[in-house]
2 protein chains.
Amino acid sequence: MASAETPSVAQTGPRLGLRERKKIQTRQAIRRAAYRLYGQQGYDATTVDQIAEAADVSPSTVFRYFPTKEDIVLTDEYDPALEAALRARPAEEPPVEAFRHAAMASMRHILAHDMDEFRQRARLMSEVPALRRRAAEGMGESGPMLCAVLAERTGRAAGDVEVRIVVVAIFAAMNEALLHWVEQGQQEDVIALVGRTLDVLGRGLTL
Amino acid sequence: MASAETPSVAQTGPRLGLRERKKIQTRQAIRRAAYRLYGQQGYDATTVDQIAEAADVSPSTVFRYFPTKEDIVLTDEYDPALEAALRARPAEEPPVEAFRHAAMASMRHILAHDMDEFRQRARLMSEVPALRRRAAEGMGESGPMLCAVLAERTGRAAGDVEVRIVVVAIFAAMNEALLHWVEQGQQEDVIALVGRTLDVLGRGLTL
DNA sequence: GAGTCAAGTGACAGTAACTCTCAAAAGAGA
DNA sequence: TCTCTTTTGAGAGTTACTGTCACTTGACTC
């Protein structure tokens with residue numbers, strides 16, 4: 001996750017107030033409890049009430065932190081890093097190549113730091129239909145960001161159809177690659193798989 | 001929709017029994033009632049109970065015909081026509097081009113026959129998050145079919161990663177194009193828009 | 001350090017999409 | 001007409017989610 005709530009990054013910032021720290025703790029407690037229960041009993045068999053009890057908060061609080069049960073799994077904070085990496089690429093580079101370099105750098109970082117959670121997330125996103133849908137949602141979370149960056153690089157409008165098409169195609173392909181990776185037992189080299197995926201996109205979807 | 005339940009195609013087949021005919025009627029009644037209520041009050045504001053009452057069946061029956069409320073909107077029978085059109089294309093043709101011809105033929109047919117329902121469906125799929133998600137689901141409905149055809153054409157396995165990536169990329173792009181079309185007020189020429197979309201894919205997502 | 005204010009929380013009630021079960025009704029075939 | 005099977009409706013139950021309201025707990029002021 002590499003989110004603001006992890007110890008690894010929590011030390012950044014100029015010392016938060018007690019309130020903020022408690023919020024981070026609560027958020028983390030809910031997520032931890034959820035992941036544990038999901039692992040033990042499965043996603044569907046785990047009710048929000050159980051998560052609340054395990055995290056020692058009220059059910060209302062769970063919904064206050066995460067709008068839906070799905071968000072407990074899906075919320076992350078990878079985007080800023082990816083965006084920064086993208087903006088660092090030269091503007092003449094075609095979108096797929098720029099994304100390739102940025103994504104690979106981000107992924108290497110994630111794999112090195114939050115490997116376990118990455119694996120569990122990927123597995124859940126592959127096995128639970130509701131999560132698979134959310135993940136496949138083209139312009140869902142990071143979409144607008146990528147659109148903005150690409151639009152800027154090419155001098156187009158952020159809402160340009162072609163920009164949006166490029167973005168959703170990349171996301172859909174990446175997502176499908178991850179699903180494949182999970183189905184194969186997460187044995188493959190993910191980085192290489194991502195590379196192959198972007199190759200296919202870059203060569204115009206030929207086989 | 002061009003589904004088996006519409007008058008336009010219902011006459012095919014060798015005279016069904018009363019039971020079958022009633023099933024088709026019920027299915028149609030539910031769909032009609034749903035579309036009407038969605039149009040009047042919106043998707044979220046319409047409960048399944050209301051649909052059941054308007055269609056003059058019990059709520060249980062609605063769920064027997066459509067596993068979820070979403071399926072009332074999403075169920076269609078376009079696939080067989082698309083598949084046939086695809087298989088008719090020469091095997092040497094690159095996937096995007098084969099899909100271009102097949103999809104355009106299918107769309108022309110749909111627009112000529114079920115224009116109104118096509119518009120309403122597209123609008124709902126754009127405006128209702130739950131439906132947008134279902135539609136964006138890469139390998140959702142028609143995915144496996146397209147994979148099979150493509151795999152056959154190229155002599156690959158149906159589960160081949162690259163085949164799947166090609167398919168989800170095409171679907172995601174098509175879906176996004178439709179969303180854009182709805183956002184622009186459904187004024188544009190959809191066929192031309194689909195063409196542009198496939199151009200982007202075919203040229204390797206360059207801008 | 002007491003007092004005020006706002007943010008965070010929990011208890012509770014309500015809604016609606018499903019699921020399951022079982023008995024009644026209706027079509028199919030003899 | 002009688003039986004067998006499919007389809008249907010009724011009802012009860014589960015669970016994700018929403019909204020309200022009173023209570024607690026940090027944050028800030030004097």
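Letters go in sequence order (proteins before strands), and every chain restarts at 1. Below, all heavy atoms of this structure are taken into account, side chains as well, without hydrogens, waters or symmetry copies.
- Candidate nucleotides C:dC12, D:dA16, C:dG8 were compared by shortest atom distance to the side chain of A:Y65, and C:dG8 ranks first.
- Across all strands shown, B:P67 has heavy atoms under 4.0 Å from sugar-phosphate atoms exclusively, and none from any base.
- Considering only side-chain atoms of B:K69, the nucleotide from C:dT9, C:dA17, D:dA10 that sits closest is C:dA17.
- For A:E97 and A:R89, the salt-bridge test fails: no basic side-chain N is under 4.0 Å from an acidic carboxylate O.
- A:D160 contributes a side-chain N or O that, together with a main-chain N or O of A:V163, makes up a donor-acceptor pair within less than 3.5 Å.
- Each of A:D56 and B:R64 has a nearest nucleotide on DNA chain C; the 5'-most of these lies closest to A:D56.
- Taking the centre and axis of the six-membered ring of A:Y65, the NZ or CZ atom of A:K23 falls outside the cone set by 45° and 6.0 Å.
- Counting distance only, with no hydrogens placed and no angle test, the side-chain atoms of B:R19 and the base atoms of D:dT5 include a donor-acceptor pair under 3.5 Å.
- A sub-4.0 Å separation between OP1 or OP2 of D:dA10 and a side-chain N or O of B:S58 is absent.
- In this structure, the side chains of A:R134 and A:M125 stay at 4.5 Å or more apart for every pair of heavy atoms.
- In this structure, CG of A:L18 is placed 12 Å from C1' of C:dA7, rounded to the nearest angstrom.
- Between A:K23 and C:dG8 there is a side-chain N or O to OP1 or OP2 distance below 4.0 Å.
- Residue side chain A:R21 does not reach the base of D:dG26 through any donor-acceptor N/O pair under 3.5 Å, judged by distance alone.
- Residues B:K69 and B:Y43 are in side-chain contact: their nearest non-hydrogen atoms beyond the backbone lie under 4.5 Å apart.
- OP1 or OP2 of D:dG26 has at least one side-chain nitrogen or oxygen of A:K22 nearer than 4.0 Å.
- The side chain of B:F63 sits closest to C:dA17 out of D:dG9, C:dT9, C:dA17.
- Listed by residue number, A:T46, A:T47, A:V48 are the residues of residues 39-52 of chain A with a heavy-atom contact under 4.0 Å to DNA chain D.
- The backbone N or O of A:E176 lies less than 3.5 Å from no partner atom in the side chain of A:H180, so there is not a single donor-acceptor pair.
- With values rounded to the nearest 0.5 angstrom, B:Q120 atom CD is found 14.0 Å from B:M115 atom CE.
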